[in-house]
Amino acid sequence: MKKLFLYITLLFALTSCQDNVTFNSPSFQGQKDNIFWRAVDSKATIVSGSLTIEGLTRNEKVSLKTSSPIKGTYFLGTSTSNTATYIMTDATSTITFTTGFGVGEGQIVISEYDAVNKTVTGTFKFNAVNSILPSSILNFQYGHFYKVPVK
């Protein structure tokens, strides 16, 4: 009787196991002012050789622009061809933070550009300045974009 009980217990234990693995691919996320932030949608485009990667939520948009999709590090705050922009829109207003030539700082690192599957992967971090209140700064750190589709 003890062996029967052991076999039944073992049978239930083995058949009730399952793998609940979820993947977050594509992904666009980071820490916005030290709070975890994740986009619900992401996309990338190449226009005239420049790569733009966007992460979107219901009322927020993070846009990263580099002068090329080629693997490498693109520094922000040194030109207008490599920029980061954060836009939050609500029913009454729009708040914009941006980097540019002499404005803000940070970097975008493209670790993989897959031209065959048309995806881009990398990291980012930046401090962007509010367009209306220059003393107001938005900080994004530990940012990652993973296999964002390039259209």
Side-chain angles (χ1 to χ4, degrees), residues 12-151:
F12 280 119
L14 293 176
T15 59
S16 64
C17 295
Q18 60 180 345
D19 291 328
N20 287 331
V21 178
T22 58
F23 294 97
N24 193 17
S25 179
S27 175
F28 190 109
Q29 63 189 34
Q31 284 189 4
K32 180 183 82 165
D33 290 331
N34 294 320
I35 297 173
F36 180 74
W37 184 90
R38 177 182 288 160
V40 294
D41 190 22
S42 57
K43 63 182 179 177
T45 56
I46 298 177
V47 176
S48 300
S50 294
L51 172 69
T52 302
I53 307 160
E54 294 179 338
L56 308 151
T57 67
R58 184 175 55 85
N59 62 340
E60 298 170 292
K61 176 179 170 182
V62 176
S63 180
L64 307 172
K65 182 181 175 189
T66 62
S67 56
S68 170
I70 297 172
K71 180 179 175 179
T73 302
Y74 299 86
F75 293 99
L76 306 174
T78 59
S79 71
T80 56
S81 58
N82 300 317
T83 61
T85 305
Y86 170 84
I87 301 171
M88 183 176 75
T89 305
D90 62 16
T92 60
S93 65
T94 299
I95 300 170
T96 303
F97 290 85
T98 189
T99 66
F101 184 72
V103 178
E105 62 184 348
Q107 67 182 26
I108 302 166
V109 178
I110 298 177
S111 57
E112 178 186 19
Y113 172 64
D114 186 345
V116 174
N117 295 315
K118 296 191 180 212
T119 62
V120 63
T121 298
T123 61
F124 66 94
K125 62 182 177 180
F126 64 85
N127 290 316
V129 178
N130 185 295
S131 57
I132 297 173
L133 297 169
S135 62
S136 181
I137 296 175
L138 174 80
N139 174 261
F140 248 98
Q141 56 188 337
Y142 309 114
H144 296 276
F145 49 94
Y146 177 73
K147 296 201 181 287
V148 174
V150 178
K151 298 177 182 177

Cut-off 3.5 Å, side chains only: do [X] and [Y] have a donor facing an acceptor?
X	Y	answer
Y74	K65	no
Q141	N34	yes
S50	S48	no
N139	N127	yes

Give the ring-plane orientation class for F140 versus F124, where under 30° counts as parallel, over 60° as perpendicular and anything between as tilted.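 Aromatic pair F140/F124 classed tilted.
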pair I95-I87: side-chain heavy atoms closer than 4.5 Å: no
With a 4.5 Å heavy-atom cut-off, do P26 and P149 have their side chains touching? yes
[X] versus [Y], closest heavy-atom pair with distance:
X	Y	answer
T66	N82	CA-OD1, 3.3 Å
D33	I137	OD1-O, 4.3 Å
N130	L133	OD1-N, 2.9 Å

Are any of the side-chain nitrogens in K61 or E54 under 4.0 Å away from the carboxylate oxygens of its partner? yes
What do you reckon, is NZ of K32 surrounded by more than 12 foreign heavy atoms closer than 6.0 Å? yes
Taking the six-membered ring where the residue is Trp, are the ring centres of F126 and F75 under 6.0 Å apart? no
Supply the atom-to-atom distance Y113 OH to T119 OG1, rounded to the nearest 0.5 angstrom.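 With rounding to 0.5 Å, OH (Y113) is 8.5 Å from OG1 (T119).
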Return the OG1 to CG distance between T45 and L51, rounded to the nearest 0.5 Å.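 So the OG1 of T45 and the CG of L51 are separated by 7.0 Å.
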